[in-house]
Amino acid sequence: MFSIIMPVWNRAGKVGSAIDSVLQQTFRDFELLIVDDGSTDGLAAVVEAYTDKRIRFFKRPHKGVGSARNFALTNARHGYIAYLDSDNVWYPDFLEVMRKSLMESPELHPAAYCQANLLRRDKVSGGLRLHCVIGRPFNFTQLLKKNFIDLNTFVHSRALLDQTGCFDEKLRRLDDWDLIIRLTALSRPVFVPQVLVDYHDRVADNTITANEKLEPAMRRIRKKYKGQTGPFVYVHDTVPQIWPDLPEQKHRNFWVHLNRKKFRFPDDKRALAYPFMLQIEPTNACNLGCPLCPVGRNELGRKTEHMPLSTFQGVVDDMADYLQFLLLWDWGEPFMHPQLPDMVAYAAARDIRTMTSTNAHFLEDEDYLRRLFKAGLSTLIVAVDSLHDESYQTYRQHGSLSRAIRGMEKAVAVKRELGAKTLINLRMVVMKHNQHEVETMRNLARRLGVDWFNVKTLNPSCGSMDMDTTLVPDHPLYQRFAYDETGHRIRQEVPCLRPLEMANIFSNGDVVPCCYDFDATMKVGNVKERPFTEIWNSDDMRSIRRRILSERDSLPKCQACGINFKKSPSGWFPEAFDLTEERLGRFLPGSYSARIFSGGRRYTPVGESWWRWLPF
């Protein structure tokens with residue numbers, strides 16, 4: 001059951017105690033892999049004197065402890081891994097107790113650790129004395145600051161290494177901490193509050209602790225990983241959401257997303273973390289008839305309904321340990337749901353930021369606005385594209401421009417009266433008929449006193465509908481996609497990682513991998529029937545991920561997705577203004593609407609394409 005990894009370098013006089021402590025284990029199903037890392041002190045003779053067939057002995061040139069451990073891991077035969085350094089010893093019941101802990105873990109690929117006595121040489125008597133007991137209950141945030149899990153106390157499923165990789169051989173020190181960070185990010189370990197190991201600190205003359213400097217290894221680990229500390233930021237639709245810090249479980253989940261390039265996705269397409277963001281559709285009812293929207297074209301293919309508040313609360317309760325951000329819209333006008341403020345309040349009470357979008361036709365309801373702002377809405381997007389009735393009606397069909405303007409004025413007034421912290425963002429979707437109005441709309445945003453203004457390029461496709469020639473602006477700055485000399489979009493081949501990071505929940509509770517699947521042809525479950533945490537890595541969800549990643553051309557909704565086409569230099573957003581201080585944000589080639597980072601540094605995005613965001 002256990003493969004025990006023991007690297008040794010020039011410890012012929014000490015390794016016997018470590019080997020004996022393994023052979024004396026009450027749990028007998030193990031193999032001991034001893035790797036001689038180029039010893040010159042007669043180590044081989046000591047090890048080869050043991051005749052137990054469970055011992056496997058390897059000799060290699062001296063390459064360092066990380067290389068020796070990695071060599072042993074590649075030769076390990078059993079499903080669980082344990083580690084013992086050649087100058088330390090296990091208590092006889094170590095493997096038995098740790099095996100039981102692994103079996104009791106709820107994790108798919110479990111890990112566990114116990115406590116150890118840290119022994120040091122007494123300067124007066126020369127004997128060993130207890131300095132302290134190391135090991136405490138697991139907390140990922142604390143682990144990122146300082147290691148409290150000694151490798152000699154740690155056991156884990158070998159399968160975890162398929163996602164995390166093995167030891168970083170460039171680290172001369174702290175390679176154990178580095179690996180433990182990655183392993184415990186994916187599998188929360190069981191803590192065994194029992195001393196089962198004697199750890200000899202600087203007792204041997206050639207210990208890494210005594211002979212290798214700490215600071216270079218610390219610098220490498222700090223540089224290697226993102227998100228050790230806050231602030232933690234998620235940018236969506238150009239608007240940053242900022243958390244000064246996060247609870248431990250949310251931090252651990254968000255950290256995996258931040259550092260996703262450090263992991264390998266499993267072959268079975270199981271996501272490595274839960275979504276920190278979900279898109280939930282409060283309602284699929286809408287008062288407008290926008291030509292690119294399946295609701296506006298009466299082609300949604302789903303019954304018109306509001307999501308029950310209890311359904312929303314169930315999703316939030318189920319995902320409370322992981323969720324940081326909710327998009328409260330999809331196919332419909334969210335303000336038509338009478339309990340949208342109650343949804344926002346329920347999320348805000350759990351420090352879950354919320355963003356919703358409206359066509360502004362229901363903003364004159366002052367009581368509704370008061371409830372919404374008091375509930376703690378983070379961002380309100382108000383979508384108005386023109387100040388000319390004819391131009392406005394070209395896309396926002398059946399709408400009233402004057403009503404939308406009055407609604408925005410009311411929203412700003414109520415926000416100011418309440419002193420609400422909600423950020424109001426006037427968004428302009430720029431199209432062929434209104435591309436000349438960008439400056440006019442920006443001035444409107446200033447006059448109204450909203451907090452934010454951004455210009456969004458049009459996605460000219462939805463389902464089978466394409467409007468590249470009728471709605472896309474002539475000006476390249478306002479085009480989302482790059483076009484060839486014949487006017488056709490330029491295709492590209494890039495992987496779609498969205499279903500590994502988030503999902504959409506429709507008003508009837510159906511869960512789909514993407515908003516493009518507006519009629520739920522790729523439905524993977526329903527939150528009224530099964531918790532989202534179970535749906536997230538269910539057989540159906542992993543199956544659709546596999547198809548999206550390897551058979552995308554066979555899925556009609558994926559064929560129309562913008563990920564298949566090269567982005568223009570402007571991408572999703574040509575510009576965004578923070579109007580509270582008149583700061584302009586510009587987005588570089590391939591820009592997308594979502595990105596995550598922490599600590600004020602530029603980090604890898606979450607979204608359909610790679611991009612960088614220039615801070616204001």
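- When only modelled atom types and interatomic distance are considered, S187 and H109 share no side-chain donor-acceptor pair under 3.5 Å.
- N253 places no side-chain N or O within 3.5 Å of a backbone atom of D321 that could act as its donor or acceptor partner.
- Annotation: side-chain hydrogen bond (donor to acceptor under 3.5 Å, both in side chains) contacts of T422 (sequence neighbours excluded): none.
- Considering only residues two or more places apart in sequence or on other chains, D317 meets the salt bridge (Lys or Arg N to Asp or Glu O under 4.0 Å) condition with R350.
- Applying the side-chain hydrogen bond (donor to acceptor under 3.5 Å, both in side chains) rule to D342 yields the partners R371; only residues at least two apart in sequence or on another chain are considered.
- The two residues P574 and V455 have their closest heavy-atom pair at CD-O, 2.9 Å.
- The side-chain tip of K250 does not point at the ring of F232 from less than 6.0 angstrom away and within 45° of straight on.
- For an aromatic pair to be called close, the ring centres must be under 6.0 Å apart, and W255 with F140 satisfies this.
- The shortest non-hydrogen separation linking A503 to L278 is O-CD2, 3.8 Å.
- Of the candidates Y83, Y80, Y113, Y83 is the only one forming a ring pair (Phe, Tyr, Trp, His ring centres under 6.0 Å) with H156.
- A side-chain donor from one of W452 and T238 sits under 3.5 Å from a side-chain acceptor of the other.
- Looking at every heavy atom in both residues, S101 comes nearest to V190 through O-CG2, 3.9 Å.
- Between the Q228 side chain and the L144 main chain, no donor and acceptor come within less than 3.5 Å of each other.
- The side-chain hydrogen bond (donor to acceptor under 3.5 Å, both in side chains) search around T354 returns none, not counting sequence neighbours.
- Heavy-atom contacts from other residues, nucleotides or ligands closer than 6.0 Å to NZ of K566 number 12 or fewer.
- Ion pairing of K456 with E575 is absent here, as no side-chain N (NZ or NE/NH1/NH2) approaches a carboxylate O to less than 4.0 Å.
- Sorted by first and then second residue, the salt bridge (Lys or Arg N to Asp or Glu O under 4.0 Å) pairs involving residues 136-148 (not counting sequence neighbours) form an empty list.
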- Query: Please walk me through it: do R69 and D175 pass salt bridge (Lys or Arg N to Asp or Glu O under 4.0 Å)?
  - Reply: CA-CA 10 Å; R69 285 173 176 154; D175 64 328; 3.4 Å; yes

- Message: With side-chain contact (heavy atoms from CB on, under 4.5 Å) as the criterion, how do M502 and Q279 come out once you've worked through the C-alpha distance, each side chain's angles and the decisive distance to 0.1 Å?
- Response: CA-CA 8 Å; M502 67 169 292; Q279 185 162 5; 3.9 Å; yes

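- Going from atom OG of S357 over to atom CG of N425 covers 8.5 Å, rounded to the nearest 0.5 Å.
- Minimum interatomic distance between L160 and P110 (heavy atoms only, all atoms of both residues): CD1-O, 4.3 Å.
- We find the CG-CD1 distance between N526 and I505 to be 9.5 Å, quoted to the nearest 0.5 Å.
- For E107, there are no salt bridge (Lys or Arg N to Asp or Glu O under 4.0 Å) partners, not counting sequence neighbours.
- Not counting sequence neighbours, the partners of E551 by the side chain to side chain contact (heavy atoms under 4.5 Å, CB included) test are R547, S554.
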Output side-chain donor-acceptor pairs under 3.5 Å for residues 323-332, partner residues at least two apart or in another chain, one line each.
unit_1, atom_1, unit_2, atom_2, d
D330, OD2, N504, ND2, 2.7
W331, NE1, C515, O, 3.0

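- Between the side chain of T580 and the backbone N or O of D451, no donor-acceptor pair lies under 3.5 Å.
- Side chain of Q241 to backbone of V235: no donor-acceptor contact under 3.5 angstrom is found.
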- Query: Where do S507 and E281 land on the side-chain hydrogen bond (donor to acceptor under 3.5 Å, both in side chains) test, with the steps shown first?
  - Reply: CA-CA 5 Å; S507 55; E281 178 184 80; 3.1 Å; yes

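- Here the straight-line distance linking atom OH of Y225 with atom CG of L258 works out to 13.5 Å at 0.5 Å rounding.
- Within the 3.5 Å criterion, the main-chain N or O of P216 finds no donor-acceptor partner in the side chain of R172.
- Side chain of N259 to main chain of K226: a donor-acceptor pair is present (N/O by atom type, distance under 3.5 Å, no hydrogens or angles).
- For Y234 and F276, the distance between ring centers is under 6.0 angstrom.
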- Check against side-chain contact (heavy atoms from CB on, under 4.5 Å), L380 and T358: CA-CA 8 Å; L380 172 62; T358 179; 3.8 Å; yes

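- Panel note: side chain H337, backbone E305; no donor-acceptor pair is recorded below 3.5 Å.
- Put simply, the side chain of I221 reaches to within 4.5 Å of the side chain of L174, judged on heavy atoms.
- The heavy-atom pair separating R489 from F481 by the smallest distance is CD-CD1, 3.8 Å.
- With rounding to the nearest 0.5 Å, the separation of SG in C496 from CG in L549 is 7.0 Å.
- Taking every heavy atom of both residues into account, I149 and T153 meet most closely at CG2-OG1, 4.1 Å.
- Aromatic ring centroids of Y274 and Y322 lie under 6.0 Å apart.
- Partner N564 forms a side chain to side chain donor-acceptor pair (under 3.5 Å) with one of E493, Q559, R552 and no other, that one being R552.
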- Item | Intermediate values then yes/no, side-chain contact (heavy atoms from CB on, under 4.5 Å), V524 and D510 | CA-CA 8 Å; V524 293; D510 284 348; over 6 Å; no

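- With sequence neighbours excluded, no residue forms a salt bridge (Lys or Arg N to Asp or Glu O under 4.0 Å) with R264.
- Screening residues 531-542 for side-chain hydrogen bond (donor to acceptor under 3.5 Å, both in side chains), with sequence neighbours left out, gives D318-T533, R530-E534, N537-R545, D539-R542.
- Of the possible polar contacts, none joining the T311 side chain to the M307 backbone as a donor-acceptor pair under 3.5 Å is found.
- The distance from atom NZ of K262 to atom CD1 of I181, rounded to the nearest 0.5 Å, is 12.0 Å.
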- CA sep, side-chain torsions, deciding dist, call: I424, L426, side-chain contact (heavy atoms from CB on, under 4.5 Å): CA-CA 7 Å; I424 300 178; L426 174 58; over 6 Å; no

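- Going from atom OG1 of T356 over to atom CG of L372 covers 7.5 Å, rounded to the nearest 0.5 Å.
- The pair E248-R188 meets the salt-bridge criterion, with a side-chain N (NZ, NE, NH1 or NH2) lying under 4.0 Å from an Asp/Glu carboxylate O.
- Looking at residues two or more places apart in sequence or on another chain, you find a side-chain hydrogen bond (donor to acceptor under 3.5 Å, both in side chains) between S67 and R60.
- Within the structure, the side-chain hydrogen bond (donor to acceptor under 3.5 Å, both in side chains) test picks out the following pairs touching residues 157-171 (sequence neighbours left out): N70-E169, D168-R220, D168-K224.
- Put simply, the side chain of R480 never gets that close to the backbone of G571: no donor and acceptor are under 3.5 Å apart.
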